[in-house]
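Below you'll find the structure, written out as structure tokens, and then a few comments.
Per chain, numbering begins at 1; letters A, B, ... match sequence-line order.
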Amino acid sequence: MAERLGRPVPPDQRRHKGWVGQLVEAALGGEAGSAAGPDFPHLGVELKTIPVDARGAPRETTFVCAAPLTVLGQLTWAESPVRAKLARVLWVPVQADPEVPLGERRLGSPCLWSPSPEEDAALGADWRELSGLVADGYVETITAHRGQWLQIRPKAAHARIRTWAPDDEGDPIRTLPRGFYLRTRFTARILAAHYRLPSSG
DNA sequence: TTTTGATCATCC
DNA sequence: GGATGATCAAAA
């Protein structure tokens, strides 16, 4: 695929972390680097490549969107950017065995997914828990341990970047930018259901 | 500088 | 080994 698109394959992903995602997006004709919104606006589809191990299980969490810390307390789940992003996702599994050179890794058949009512409710519960903590001024104490399916983690070029967030009195403080991520246990269930993968080894 | 694309690398 | 916190690049 890289060859057809004339894209050189990097030796590894240490300095090219988004390479696979960008390659697949280009191959499918997504508007490269388009602004906010789905990758395929006319279809309302968000494209996500997902690195999988030999069993088909995700090797990494999935970034969803930046956490708008200052307004999180004023958004409902229905209005949340997390829900909007995940409304319709095309998951593209990518072989991610480090033993296999990047240029030789295989793509899986994609899975077009929307949250079931149960999944939507579960994500909404996590969203409310995390958003409530941020709105109450606990952003600095939230760790990625919080949230059953969704988590909040740093999302920044490096640890000295700052953005705004509310403190416990609602006044603005400077803090590390955060993002919402899907835990592997969530994406693992999506893939297991779609591909009927074995639940264990 | 921010957004979009994620994986790295260390810790537990 | 898996998850958490840190980090990297391209494009707008």
Choose from [options] the nucleotide whose nearest atom is closest to any side-chain atom of [X].
{"X": "A:D39", "options": "C:dT4, B:dT7, B:dG5", "answer": "B:dG5"}
{"X": "A:Q13", "options": "C:dG2, C:dT4, B:dT7", "answer": "B:dT7"}
{"X": "A:T49", "options": "C:dA6, B:dG5, B:dA6", "answer": "B:dA6"}
{"X": "A:R183", "options": "C:dA3, C:dG5, C:dT7", "answer": "C:dA3"}
{"X": "A:K48", "options": "B:dA6, C:dT4, C:dA9", "answer": "B:dA6"}
{"X": "A:P154", "options": "C:dG2, C:dG5, C:dC8", "answer": "C:dG5"}
{"X": "A:R153", "options": "C:dA3, C:dG5, B:dG5", "answer": "C:dG5"}

Base, sugar-phosphate, or nothing: which does [X] touch, judged by heavy atoms less than 4.0 Å apart?
{"X": "A:P177", "value": "nothing"}
{"X": "A:A96", "value": "nothing"}
{"X": "A:G21", "value": "sugar-phosphate"}

Using a 3.5 Å distance criterion without hydrogens, assess whether the side chain of [X] forms a donor-acceptor pair with backbone atoms of [Y].
{"X": "A:T187", "Y": "A:T184", "value": "yes"}
{"X": "A:R185", "Y": "A:Q148", "value": "yes"}
{"X": "A:D167", "Y": "A:E169", "value": "yes"}
{"X": "A:Y181", "Y": "A:E60", "value": "no"}
{"X": "A:Y138", "Y": "A:D168", "value": "no"}

Mind calculating the distance between [atom1] ([X]) and [atom2] ([N]) to the nearest angstrom?
{"X": "A:Q22", "N": "C:dA11", "atom1": "CD", "atom2": "P", "result": "8 Å"}
{"X": "A:E46", "N": "B:dG5", "atom1": "CD", "atom2": "C1'", "result": "10 Å"}
{"X": "A:R174", "N": "B:dT1", "atom1": "CZ", "atom2": "C1'", "result": "12 Å"}
{"X": "A:Q151", "N": "C:dA3", "atom1": "CD", "atom2": "P", "result": "9 Å"}
{"X": "A:L176", "N": "C:dG5", "atom1": "CG", "atom2": "C1'", "result": "9 Å"}
{"X": "A:L23", "N": "B:dT7", "atom1": "CG", "atom2": "P", "result": "12 Å"}
{"X": "A:R162", "N": "C:dT7", "atom1": "CZ", "atom2": "C1'", "result": "14 Å"}
{"X": "A:Q148", "N": "C:dT4", "atom1": "CD", "atom2": "C1'", "result": "18 Å"}

task = Can you see which heavy atom on A:D39 is nearest to which on A:L47, and at what distance?
result =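 For A:D39 and A:L47, the tightest heavy-atom pair comes out as OD2-N, 2.7 Å.
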query = Under a 4.0 Å N-O cut-off, is there an ion pair linking A:E118 with A:R189?
reply = no
task = Establish whether the base of C:dG5 is bridged to the side chain of A:K155 by a donor-acceptor pair shorter than 3.5 Å.
result =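 In this structure, the two groups form no donor-acceptor pair.
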query = Is the base of B:dA6 touched by the side chain of A:Y181 through a donor-acceptor pair closer than 3.5 angstrom?
reply =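 By the distance-only test, yes, there is a pair.
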key: Contact check, side chains of A:R183 and A:T62, non-hydrogen atoms, under 4.5 Å   = no
key: Closest-nucleotide 5' rank along DNA chain C - winner of A:H16 and A:H145   =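 It is A:H145 whose nearest nucleotide is closer to the 5' end.
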task = Hey, which sits more toward the 5' end of DNA chain C by its nearest nucleotide, A:R146 or A:A159?
result = A:R146
message = Measuring to OP1 and OP2 of B:dT3, would you say a side-chain N or O of A:K85 lies under 4.0 angstrom away?
response = no
query = Does C:dA9 have OP1 or OP2 sitting under 4.0 Å from an N or O in the side chain of A:R15?
reply = yes
key: Residues in contact with DNA chain B, drawn from residues 59-73 of chain A - heavy-atom cutoff 4.0 Å   = A:E60, A:T61, A:F63
ask   = Does a donor on one side chain sit under 3.5 Å from an acceptor on the other, for A:E119 and A:W113?
value =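 A:E119 vs A:W113: donor-acceptor pair found between side chains.
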